[in-house]
J.: 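Sharing a structure, written as structure tokens. Questions coming.
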Amino acid sequence: MDFSRGHDFYYLNDSGHSVDFKDGLNFIYEVQLSRVQTVEKWMVPIRIKYEGNPTKEDIAVLNKVIKDFNKIDGFPGIKIVNKDENVLLIYAPQEDLPEIQQKYHLTNLTIDKGVCQRFSEDGEIKRAIIIIESDVDQKTKNSVVLHEIFHMIGFYGHSALNTSVINQIGESVPKLSAVDTLAFQMLYCPEIKIGMTYYEIDV
């Protein structure tokens, strides 16, 4: 497969170090394909509704994440809605989490500041629920929202890269790393299709 037509899979990060196609593909393998074997992603616009007790900064951060994510070519986009959502984002204090988990049948998931559950059909992500623990400090919460929305768009697992917003150690990262951004661009490139394997992409 020729990914060079109209796509420059090369990203320069803030420190001047570059990442390329192979870095992005390895990241996609690590956090998605090693778990579900074939590509999964959204094909329709994401309609996100929030509930609970978000602060004004929570809403400002959510809007910034949406604005930044909507810049990615091929991504179907995210918008905030009041009804007919396909993603529900709940801000709730820790004491309310067990009841929320039971209500949405998420009792098999552990909430550590936040959690995301996606629901897919034939490789297409159809809906998701995100729960954010609202009584953590604002700086942490800002990173957790970014982390969980990044999971929601298709990056299911955690990365060994400490600079990634979905790093394994739980370190707060305030923005997408170079590899995060590159992998996002690659996953939503039209030439990378639902159902493709690692080996079908890496040709």
Side-chain angles (χ1 to χ4, degrees), residues 1-46 48 61-62 64-78 87 114-120 123-126 128 130 142-203:
M1 179 170 295
D2 181 7
F3 287 101
S4 63
R5 299 191 310 275
H7 298 286
D8 184 14
F9 287 120
Y10 169 91
Y11 194 86
L12 192 67
N13 65 18
D14 293 341
S15 63
H17 296 105
S18 63
V19 291
D20 60 17
F21 175 86
K22 196 68 174 181
D23 295 314
L25 181 58
N26 287 341
F27 184 90
I28 291 171
Y29 177 81
E30 178 186 22
V31 300
Q32 191 194 86
L33 296 179
S34 64
R35 293 168 169 263
V36 294
Q37 274 68 66
T38 59
V39 169
E40 295 192 355
K41 58 183 174 179
W42 290 86
M43 298 300 292
V44 299
I46 296 167
I48 188 165
V61 167
L62 176 60
K64 184 180 186 309
V65 171
I66 289 172
K67 181 179 178 181
D68 290 344
F69 281 27
N70 285 346
K71 294 176 183 176
I72 299 296
D73 288 342
F75 181 59
I78 307 176
V87 174
V115 73
C116 174
Q117 176 69 65
R118 295 150 309 273
F119 302 90
S120 303
E124 181 178 351
I125 306 172
K126 295 283 192 176
I130 299 172
N142 294 349
S143 295
V144 171
V145 167
L146 175 60
H147 176 110
E148 299 302 341
I149 292 178
F150 200 64
H151 278 318
M152 180 268 289
I153 64 169
F155 297 101
Y156 298 165
H158 291 97
S159 175
L161 299 172
N162 292 345
T163 56
S164 172
V165 296
I166 51 172
N167 64 72
Q168 291 175 345
I169 61 175
E171 184 72 25
S172 294
V173 176
K175 62 181 181 178
L176 299 184
S177 71
V179 173
D180 292 334
T181 304
L182 178 65
F184 191 169
Q185 292 171 336
M186 290 175 60
L187 180 62
Y188 282 92
C189 168
E191 292 169 321
I192 295 181
K193 301 183 185 302
I194 284 176
M196 291 181 72
T197 66
Y198 174 92
Y199 299 104
E200 288 174 317
I201 300 170
D202 188 26
V203 295

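Predicted model only: the values in this text are computed from it and were never measured. Just the heavy atoms: all of them, side chains too, but no hydrogens, waters or symmetry mates, feed the values below. In this chain, numbering begins with 1 at the start of the sequence shown.
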J.: Measuring from I166:CD1 to E30:CD, what's the distance to the nearest 0.5 Å?
T.: 7.5 Å
J.: Check whether any side-chain heavy atom of I201 sits under 4.5 Å from a side-chain heavy atom of Y29, and report yes or no.
T.: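 They are not in side-chain contact.
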J.: Kindly determine whether I125 and S120 satisfy side-chain contact (heavy atoms from CB on, under 4.5 Å), including the steps that lead there.
T.: CA-CA 4 Å; I125 306 172; S120 303; 3.7 Å; yes
J.: Are L176 and D68 close enough, and set up right, to give a side-chain contact (heavy atoms from CB on, under 4.5 Å), and what steps lead you there?
T.: CA-CA 10 Å; L176 299 184; D68 290 344; over 6 Å; no
J.: Return the minimal non-hydrogen interatomic distance between K175 and V173, and the atom names on each side.
T.: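 What the structure gives for the nearest pair is O-CG1, 3.2 Å.
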J.: Would you compute the distance between atom CG of D73 and atom CZ of F184 and round it to the nearest 0.5 angstrom?
T.: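 Rounded to the nearest 0.5 Å, the CG-CZ separation comes to 10.5 Å.
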J.: Between L62 and I149, is there a side-chain heavy-atom distance shorter than 4.5 Å?
T.: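 They are in side-chain contact.
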J.: For the pair F27 and S164, evaluate side-chain contact (heavy atoms from CB on, under 4.5 Å) and give the outcome as yes or no after the intermediate values.
T.: CA-CA 10 Å; F27 184 90; S164 172; 3.6 Å; yes
J.: Tell me, please, which residues at least two apart from I194 pass side-chain contact (heavy atoms from CB on, under 4.5 Å).
T.: K41, M43, E124
J.: So that I can tick it off, tell me whether K22 and D202 are bridged by a salt bridge, with the cut-off set at under 4.0 angstrom between side-chain N and carboxylate O.
T.: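 Between K22 and D202 there is a salt bridge, with a charged N closer than 4.0 Å to a carboxylate O.
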J.: Report yes or no: does Y188 contribute a side-chain atom to a donor-acceptor pair with the main-chain N or O of W42 at less than 3.5 Å?
T.: yes
J.: Answer whether the closest heavy-atom distance between the side chains of L182 and F21 falls below 4.5 Å.
T.: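 Heavy-atom side-chain distance check fails, nothing below 4.5 Å.
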J.: Going by heavy atoms in the side chains, are K193 and V39 under 4.5 Å from each other?
T.: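 Not in contact.
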J.: Atom NE2 of H158 and atom NE2 of H151: how far apart are they, to the nearest 0.5 Å?
T.: 3.0 Å
J.: Heavy atoms, side chains only, cut-off 4.5 Å: are V179 and T163 in contact?
T.: no
J.: Does a sphere of radius 6.0 Å around OH in Y199 hold more than 12 heavy atoms from other residues, nucleotides or ligands, not counting ones at 6.0 Å or beyond?
T.: no
J.: Any side-chain heavy-atom pair from I48 and I66 closer than 4.5 angstrom?
T.: yes
J.: Just checking Y198: does its OH atom have more than 12 heavy atoms from other residues, nucleotides or ligands closer to it than 6.0 angstrom?
T.: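 Result for OH/Y198: enclosed.
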J.: Nearest 0.5 Å please: distance from the CE atom of M152 over to the CD atom of E148.
T.: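 CD of E148 is found 10.5 Å from CE of M152.
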J.: Between the main-chain N or O of I78 and the side-chain N or O of N70, is there a donor-acceptor pair closer than 3.5 Å?
T.: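 At least one qualifying donor-acceptor pair exists.
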J.: Main chain of V165, side chain of H147: is a donor-acceptor contact present, judged purely on distance under 3.5 Å?
T.: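 The answer is yes, because a donor-acceptor pair under 3.5 Å joins these two groups.
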J.: side-chain contact (heavy atoms from CB on, under 4.5 Å) between T197 and L33: does it pass, once the steps are laid out?
T.: CA-CA 7 Å; T197 66; L33 296 179; over 6 Å; no
J.: When rounded to the nearest 0.5 angstrom, what distance separates CD1 in I169 from CG in N162?
T.: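 Going from the CD1 atom of I169 to the CG atom of N162 covers 4.0 Å.
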J.: Rounded to the nearest 0.5 Å, how far does OG of S172 lie from CG of N167?
T.: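 OG of S172 is found 8.5 Å from CG of N167.
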